[in-house]
Structure formats: C-alpha cells, structure tokens
Engineer: 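One structure, pasted below without further comment.
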Amino acid sequence: QVQLVESGGGLVQAGGSLRLSCAASGSTFSSYRMGWFRQAPGKEREFVAAIGYSDSSTYYADSVKDRFTISRDNAKNTVYLQMNGLKPEDTAVYYCAVRGGGSRYFNPTEYRYWGQGTQVTVSS
C-alpha cells in the first residue's frame, strides 16, 4: 500500500503560478512511475502530466504543455507539478497517482494508488 499526500493548491489569479507537491510513503519511491490528473466539477478526471523513474521521461496533456512541468525528487519521495500561466479552465481538484503496469500513461485506469487531491482555483 502506498499513501500519497498532495499539497500546494490554492486560489490564484489568471496568469499566476502554483507548485503542487505529492509526498509518497515507502522506501521504493524511485521505482514508481507517477502521474497528475485533475477533475473539475461535473467533468471526468483527466490526465495532466506523467513522469517515469527519472526526469528524463515526461508526458503532458496538450492543454498544459509549455505551461506545466512535472518533476520528481527521489531522495524526498516527492513528485511536483509546477504550474505557470494558469487559466480559469485549470480550476479543478488535482490528484497525484502511482502508475501500475502498461504504457497508457494518460489512462487513469492504469494507476493503482491515488492521493486525496488538492484544490486549485484560478480566478479571471
């Protein structure tokens, strides 16, 4: 069992920045592939970004590419999501998750463990 705790959400004006953190339990964090998803009210959970075992493999949804950056610090058991140029449509609850097997990093069904989420609200 892996426990994930997100933090760093909040209220920000359009054009602003936030950095989300996701701390994972356990001593094998470096063996986890990680992802960030988000869910807005009334909408399905959608893929935001994913990262492999190191910063060399990263993937982004088209809607956040060039604005968001996913990274990890294996020494701190933490994955980050740096969000710049925030837009009102980025408003959602953001979740981090541990990916299981498979190659569909964008598919939430391939993720085994989820955090409780952190709210991000972007005002216009």
Side-chain angles (χ1 to χ4, degrees):
Q1 187 75 13
V2 178
Q3 292 186 329
L4 303 171
V5 179
E6 300 100 334
S7 61
L11 173 64
V12 64
Q13 288 187 334
S17 298
L18 285 174
R19 188 176 81 154
L20 305 184
S21 300
C22 172
S25 64
S27 59
T28 57
F29 178 75
S30 60
S31 68
Y32 302 155
R33 296 178 296 176
M34 303 294 295
W36 285 96
F37 289 77
R38 66 187 181 187
Q39 188 166 19
K43 295 188 176 182
E44 293 186 352
R45 192 167 296 189
E46 66 171 354
F47 169 73
V48 175
I51 190 166
Y53 304 112
S54 69
D55 289 354
S56 61
S57 297
T58 57
Y59 311 91
Y60 297 94
D62 288 343
S63 59
V64 306
K65 199 172 294 183
D66 298 327
R67 297 190 298 124
F68 291 9
T69 302
I70 188 172
S71 62
R72 65 188 298 157
D73 186 336
N74 288 337
K76 295 182 177 180
N77 282 15
T78 301
V79 62
Y80 303 98
L81 185 68
Q82 178 67 45
M83 305 186 295
N84 299 328
L86 283 162
K87 306 175 181 179
E89 51 263 44
D90 294 319
T91 295
V93 177
Y94 284 70
Y95 300 89
C96 69
V98 176
R99 185 151 63 105
S103 60
R104 296 178 299 172
Y105 54 84
F106 50 85
N107 191 329
T109 64
E110 292 203 355
Y111 289 76
R112 296 179 61 190
Y113 303 105
W114 293 82
Q116 83 289 348
T118 186
Q119 176 71 47
V120 171
T121 303
V122 184
S123 63
S124 57

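What's counted below: heavy atoms across the whole structure, side chains too, no hydrogens, waters or symmetry copies.
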Engineer: Please determine whether the number of non-hydrogen atoms from other residues, nucleotides or ligands lying under 6.0 Å from atom CD of E89 exceeds 12.
Structural biologist: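 Check passes, neighbour count above 12.
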Engineer: Within this structure, what is the CZ-CZ distance for the pair R112 and R33, rounded to the nearest 0.5 Å?
Structural biologist: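 Going from the CZ atom of R112 to the CZ atom of R33 covers 11.0 Å.
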Engineer: Can you tell me how far the OG atom of S57 sits from the CD1 atom of I70, to the nearest 0.5 Å?
Structural biologist: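 Answer rounded to 0.5 Å: 11.0 Å.
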Engineer: Are the side chains of P108 and Q39 in touch, meaning some heavy atoms are under 4.5 Å apart?
Structural biologist: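 Counting from C-beta outward, P108 and Q39 never come under 4.5 Å.
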Engineer: Which distance, rounded to the nearest 0.5 Å, do you find between the CD of Q119 and the OG1 of T91?
Structural biologist: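 Those atoms lie 7.5 Å apart.
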Engineer: Can you name the nearest heavy-atom pair linking A97 to L4, along with the distance?
Structural biologist: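 Smallest interatomic distance, heavy atoms only, reads CA-CD1, 3.7 Å.
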Engineer: Following the transitive rule for hydrophobic clusters with a side-chain heavy-atom cut-off under 4.5 Å over Ile, Leu, Val, Met, Phe, Trp and Tyr, establish whether V79 and M83 coincide in one cluster.
Structural biologist: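 V79 and M83: one cluster.
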Engineer: Could you tell me if the ring centre of F37 sits under 6.0 Å from that of Y111?
Structural biologist: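 Yes, the ring of F37 comes within the 6.0 Å limit of the ring of Y111, centre to centre.
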Engineer: Check for me, please, whether Y94 and V12 land in the same ILVMFWY cluster - side-chain distances under 4.5 Å, paths through other members count.
Structural biologist: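 In one cluster with Y94: V12, yes.
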Engineer: If you round to the nearest 0.5 Å, how far is OH of Y53 from CZ of R72?
Structural biologist: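 If I round to the nearest 0.5 Å, the distance is 9.0 Å.
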Engineer: Check for a donor-acceptor pair, side chain of E110 on one end and backbone N or O of G100 on the other, with a separation under 3.5 Å.
Structural biologist: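 Here the side-chain-to-backbone pair does not exist.
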Engineer: Any chance you could lay out the side-chain contact (heavy atoms from CB on, under 4.5 Å) test for F68 and L86, step after step, and finish with the verdict?
Structural biologist: CA-CA 9 Å; F68 291 9; L86 283 162; 3.8 Å; yes
Engineer: Give me the atom names and distance for the closest heavy-atom approach of F29 to A24.
Structural biologist: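 Answer, listing the atom of F29 first, then A24: CD1-CB, 3.5 Å.
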Engineer: What's the spacing between Y95 OH and E6 CD if we round to 0.5 Å?
Structural biologist: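 Between atom OH of Y95 and atom CD of E6 there are 8.5 Å.
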Engineer: Any carboxylate oxygen within less than 4.0 angstrom of a Lys/Arg side-chain nitrogen, looking at K87 and D90?
Structural biologist: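 D90 and K87: not salt-bridged.
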Engineer: How long is the span from the CZ atom in R19 to the OG1 atom in T69, to the nearest 0.5 Å?
Structural biologist: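 So the CZ of R19 and the OG1 of T69 are separated by 11.5 Å.
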Engineer: Which heavy atom in A14 sits nearest to a heavy atom in S124, and how many Å separate them?
Structural biologist: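 So the minimum-distance heavy-atom pair works out to CB-CA, 4.4 Å.
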Engineer: Taking the six-membered ring of Y60 as reference, does the cationic atom of R67 (NZ for Lys, CZ for Arg) lie under 6.0 Å from its centre and within 45° of its axis?
Structural biologist: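 Judged by the rule, R67 and Y60 form no cation-pi pair.
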Engineer: Report whether V122 and L20 are members of the same hydrophobic cluster (ILVMFWY, side-chain heavy atoms less than 4.5 Å apart, transitive linking).
Structural biologist: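 Looking at the clustering, L20 is in the same group as V122.
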Engineer: Indicate yes or no: at least one non-hydrogen side-chain atom of L81 is less than 4.5 angstrom from one of R38.
Structural biologist: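 A side-chain contact under 4.5 Å is absent here.
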Engineer: Which pairs pass side-chain hydrogen bond (donor to acceptor under 3.5 Å, both in side chains) with one or both residues in residues 77-86, sequence neighbours excluded?
Structural biologist: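 The answer is S17-N84, Q82-N84.
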Engineer: For residues I51 and Y32, determine if any side-chain heavy atom of one lies less than 4.5 Å from a side-chain heavy atom of the other.
Structural biologist: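 A side-chain contact under 4.5 Å is absent here.
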Engineer: Among residues at least two apart in sequence or on other chains, which ones pass ring pair (Phe, Tyr, Trp, His ring centres under 6.0 Å) with Y105?
Structural biologist: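 Y105 satisfies ring pair (Phe, Tyr, Trp, His ring centres under 6.0 Å) with F47, Y59 only.
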Engineer: Let me check something: do W114 and M34 share a hydrophobic cluster, defined by ILVMFWY side-chain heavy atoms less than 4.5 Å apart, either directly or through other members?
Structural biologist: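 No, W114 does not connect to M34 through the hydrophobic network.
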Engineer: Show me the pairs that pass disulfide bond (SG atoms under 2.5 Å apart) and involve residues 20-73, at least two apart or across chains.
Structural biologist: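 Of all non-adjacent pairs touching residues 20-73, those that pass disulfide bond (SG atoms under 2.5 Å apart) are C22-C96.
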